[in-house]
Amino acid sequence: MAGKRLRCNAKECREPAQRIVGDCGFCNGHFCGKHRLLEDHKCSGLEDCKKQSHERNAAQLESERTQVIRGV
């Protein structure tokens with residue numbers, strides 16, 4: 001018994017959704033190869049994703065900062 005195939009959630013797109021790579025963790029939508037990226041399906045979580053990435057990158061840069069030793 002075959003399950004129903006998921007279709008892309010992008011407006012006016014009838015392509016089948018890709019498994020795993022087509023699932024958006026921010027809006028919980030299912031998308032085809034053309035619309036799988038956040039920018040391509042106009043994801044509602046795009047700003048949150050950018051903010052999280054910025055904070056993660058800033059923390060990484062801060063942890064790798066070189067300390068200057070003066071007076072040596």
Legend entry - Smallest separation among heavy atoms of Cys32 and Glu15, with atom names: CB-CB, 3.7 Å
Legend entry - Pairs flagged by salt bridge (charged side-chain N to carboxylate O under 4.0 Å, His left out) wherever residues 31-55 is involved - sequence neighbours left out: none
Legend entry - Connected hydrophobic set around Phe31, excluding itself, where side chains approach under 4.5 Å: none
Legend entry - Euclidean distance, Cys27 SG relative to Asn9 CG, rounded to 0.5 Å: 7.5 Å
Inset, instruction - Would you check if the side chain of His41 reaches a backbone N or O of Ala10 as a donor-acceptor pair within less than 3.5 Å? - result: no
Inset, instruction - Considering only Ile, Leu, Val, Met, Phe, Trp and Tyr, and joining two whenever side-chain heavy atoms are under 4.5 Å apart, list the other residues clustered with Leu38. - result: Phe26, Leu46
Legend entry - Interatomic distance, Gln60 atom CD to Glu62 atom CD [nearest 0.5 angstrom]: 11.0 Å
Inset, instruction - Measure the shortest side-chain to side-chain distance between His30 and Cys8 over non-hydrogen atoms and say whether it is less than 4.5 angstrom. - result: no
Legend entry - Separation of Asp23 CG from Leu6 CG (nearest 0.5 Å): 7.5 Å
Inset, instruction - Would you indicate whether the side-chain heavy atoms of Cys49 and Cys43 approach each other to under 4.5 Å? - result: no
